[in-house]
Peer 1: 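Have a look at the structure that comes next, please.
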Protein chains: 2
Amino acid sequence: MRLSTKGRYAVTAMLDLALNGVDGPVTLAEISENQGISLSYLEQLFASLRAKELVRGVRGPGGGYYLGRGADDISIANIICAVDEWVEFTRCGGRKNCSGGERCLTHSLWDDLSSEIFDFLTKISLGDLIRRGEHKKADKAAHLSVVNDEGSRAA
Amino acid sequence: MRLSTKGRYAVTAMLDLALNGVDGPVTLAEISENQGISLSYLEQLFASLRAKELVRGVRGPGGGYYLGRGADDISIANIICAVDEWVEFTRCGGRKNCSGGERCLTHSLWDDLSSEIFDFLTKISLGDLIRRGEHKKADKAAHLSVVNDEGSRAA
DNA sequence: ACATTTCCTACTAATTTACTTGGTAATAAG
DNA sequence: CTTATTACCAAGTAAATTAGTAGGAAATGT
């Protein structure tokens with residue numbers, strides 16, 4: 001299991017793409033600008049995303065990236081897997097010399113937990129996230145019309 | 001959000017501690033042996049775990065570590081937070097110049113997702129994991145009484 | 001032809017991970 | 001009281017990963 005800042009960048013970029021790519025492709029330069037991620041790092045991430053067909057690139061002027069498929073068909077797990085390898089839990093390689101011992105038990109417990117986290121992230125799609133964001137935006141607007149306060153302004 | 005191999009080591013070690021610490025403390029040397037983690041790295045991890053009072057150390061011969069509280073009162077999130085800092089999502093620092101823009105929207109979406117993953121891991125305790133493992137062990141034993149085969153004996 | 005953009009490779013600085021080394025402090029047992 | 005055992009502590013380090021730079025080549029719309 002792996003869920004690093006790299007995965008966060010990828011998810012963030014994909015969200016940006018889903019939000020801004022409704023009419024025409026989005027350039028990496030725009031995402032770089034929007035999200036504060038270096039262009040070349042985005043290129044690396046998008047190479048991975050493209051390999052898993054989560055995005056589709058269009059070259060030339062007016063080009064950029066589209067989502068590879070509908071936002072509802074792209075899970076967070078898909079995105080994180082694409083850039084973070086993931087796949088290899090502990091599993092003891094399935095054969096190491098921890099047959100039956102405590103080591104194998106704890107490893108399989110971690111393995112189960114990993115699978116569960118994976119399932120959890122598989123069930124959340126880009127589309128889900130965006131819709132929730134829209135709700136929240138609406139809620140926030142409703143709140144703002146009543147309570148005109150930022151709320152969080154800690155040091 | 002952060003969920004790296006470091007967190008995995010910590011969870012694995014805590015599982016080992018919970019499983020073997022039923023009658024008397026467990027030494028880091030034992031955990032090191034069981035789980036294949038270097039002693040000093042365990043010391044580092046346990047320094048963090050102890051700071052959050054997730055474990056309690058006893059010095060001297062016959063000493064070792066106890067869980068800081070019951071296995072049911074220690075969540076996976078507790079453990080990962082202790083060793084991985086976590087806490088700082090993107091949040092734009094709450095003030096950066098992305099007020100209202102796409103950047104802040106995507107960041108807050110990621111933020112929400114992080115919180116959700118956190119909640120998820122908060123609801124799973126060490127005790128939960130162990131009980132699941134016991135179920136699995138029982139299942140396995142039942143199987144073994146029928147199928148008398150190790151299964152995995154690859155090179 | 002030209003500007004734009006993806007696409008590709010190699011390199012690098014910074015950070016994190018995992019480990020090593022070399023201790024000190026507490027404490028149970030002889 | 002000495003000794004072995006253990007937690008505890010700090011500094012340093014090799015390896016891996018993260019994030020970014022640099023310098024292109026290959027498409028492609030204008």
Side-chain angles (χ1 to χ4, degrees), chain A residues 1-13 17 20-21 24-68 80 82-88 90, chain B residues 1-13 16-17 20-21 24-33 35-68 80 82-88 90:
Chain A
M1 167 74 196
R2 183 77 63 83
L3 213 172
S4 60
T5 52
K6 195 175 176 185
R8 189 194 72 193
Y9 277 134
V11 172
T12 303
L17 190 52
N20 294 323
V26 182
T27 68
L28 292 187
E30 290 175 79
I31 298 179
S32 172
E33 174 74 14
N34 284 343
Q35 305 303 328
I37 310 171
S38 87
L39 180 59
S40 280
Y41 196 42
L42 278 175
E43 283 181 349
Q44 284 179 43
L45 297 177
F46 273 70
S48 301
L49 294 170
R50 195 163 47 80
K52 293 282 171 63
E53 296 185 322
L54 296 179
V55 298
R56 191 161 40 86
V58 177
R59 292 183 176 188
Y65 280 96
Y66 290 100
L67 288 183
I80 291 171
V83 299
D84 262 337
E85 299 302 327
W86 188 302
V87 211
E88 29 107 16
T90 319
Chain B
M1 169 71 195
R2 184 76 62 85
L3 211 173
S4 60
T5 51
K6 195 174 174 183
R8 189 194 71 191
Y9 278 132
V11 171
T12 303
D16 195 295
L17 191 50
N20 294 323
V26 181
T27 67
L28 291 189
E30 290 175 77
I31 299 178
S32 173
E33 174 75 15
Q35 305 303 328
I37 310 170
S38 89
L39 180 61
S40 281
Y41 196 42
L42 278 175
E43 282 179 349
Q44 283 180 41
L45 297 177
F46 274 70
S48 302
L49 293 170
R50 195 164 46 82
K52 295 282 171 62
E53 296 184 324
L54 297 179
V55 297
R56 192 163 40 86
V58 178
R59 292 184 177 189
Y65 280 97
Y66 290 99
L67 287 183
I80 291 171
V83 299
D84 260 339
E85 300 300 329
W86 187 300
V87 211
E88 29 110 14
T90 318

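In what follows, chains carry the letters A, B, and so on, assigned in the order in which the sequence lines appear, proteins first and then strands, with residues in each chain numbered from 1. These values consider heavy atoms only, across backbone and side chains, with no hydrogens, waters or symmetry-generated copies.
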Peer 1: Grab the CD1-P distance between B:I80 and C:dT17 for me, whole Å please.
Peer 2: 12 Å
Peer 1: Quick one: A:L39 CG to D:dT21 P, roughly how many Å, whole number?
Peer 2: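 Value for this atom pair: 10 Å.
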Peer 1: Within the supplied structure, the quantity of interest is the number of heavy atoms (other residues, nucleotides, ligands) at a distance under 6.0 Å from A:E43 CD; does it exceed 12?
Peer 2: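 Enclosed.
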Peer 1: Using side-chain heavy atoms (C-beta onward) and a distance below 4.5 Å, is A:Y65 in contact with A:P25?
Peer 2: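 No. Closest side-chain heavy atoms not under 4.5 Å.
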Peer 1: Using the side-chain contact (heavy atoms from CB on, under 4.5 Å) rule, pick out the option among A:L17, A:L54, A:V26 that qualifies with A:L67.
Peer 2: A:L17
Peer 1: Rounding to an integer number of Å, can you tell me how far B:K6 NZ sits from D:dT18 C1'?
Peer 2: 15 Å
Peer 1: Once you round it to whole Å, what is the distance between P of C:dA18 and CD1 of B:I31?
Peer 2: 16 Å
Peer 1: Determine the contact category for B:L28: base if any of its heavy atoms lies under 4.0 Å from a base atom, sugar-phosphate if only primed atoms, P, OP1 or OP2 are that close, otherwise nothing.
Peer 2: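 The residue B:L28 makes sugar-phosphate contact but no base contact.
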Peer 1: Round to a whole Å and report the spacing from CG of A:L42 to C1' of D:dT21.
Peer 2: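 Taking CG of A:L42 and C1' of D:dT21, I get 14 Å after rounding.
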Peer 1: Reading DNA chain D from 5' onward, which residue's closest nucleotide shows up sooner: A:G60 or A:Y9?
Peer 2: A:Y9
Peer 1: Of the nucleotides D:dA4, C:dT17, D:dG20, which one has an atom closest to the side chain of B:P61?
Peer 2: D:dA4
Peer 1: With respect to the phosphate group of D:dT5, does any side-chain polar atom (N or O) of B:T27 fall under 4.0 Å of OP1 or OP2?
Peer 2: no
Peer 1: What is the distance from CG of A:L17 to P of C:dT6, rounded to the nearest Å?
Peer 2: 11 Å
Peer 1: Write down the distance between CG (A:L45) and P (D:dA19), rounded to a whole number of angstrom.
Peer 2: 8 Å
Peer 1: What are the two closest heavy atoms between B:F46 and B:A13, and how far apart are they?
Peer 2: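 Scanning both residues, the minimum pair turns out to be CE1-CB, 3.8 Å.
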Peer 1: Measure from the side chain of B:Y41, starting at C-beta and using heavy atoms only, and say which of C:dA3, D:dT18, C:dC19 lies closest.
Peer 2: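 It is C:dC19.
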Peer 1: Using a 4.0 Å heavy-atom cut-off to protein, can you give one letter per nucleotide of nucleotides 7-15 of chain C, 5' to 3': B if the base is in contact, S if only the sugar-phosphate is, - if neither?
Peer 2: BB-------
Peer 1: Ignoring hydrogens, what is the shortest heavy-atom contact between B:D84 and B:S4? Give both atom names and the distance.
Peer 2: OD2-OG, 3.2 Å
Peer 1: Hey, is the main chain of B:R8 close enough, under 3.5 Å, to the side chain of B:T12 for a donor-acceptor pair?
Peer 2: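 Flag set: sc B:T12 to bb B:R8 pair under 3.5 Å.
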Peer 1: Report the distance from atom CZ of B:R8 to atom C1' of C:dT17, rounded to the nearest whole Å.
Peer 2: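 Answer to the nearest Å: 12 Å.
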Peer 1: Any side-chain N or O of B:S4 below 4.0 angstrom from OP1/OP2 of C:dT16?
Peer 2: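 Answer no for this pair, as no side-chain N or O of B:S4 is under 4.0 Å from OP1 or OP2.
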Peer 1: Taking B:T27 for its side chain and B:E30 for its backbone only, find out whether a donor-acceptor pair lies under 3.5 Å.
Peer 2: yes
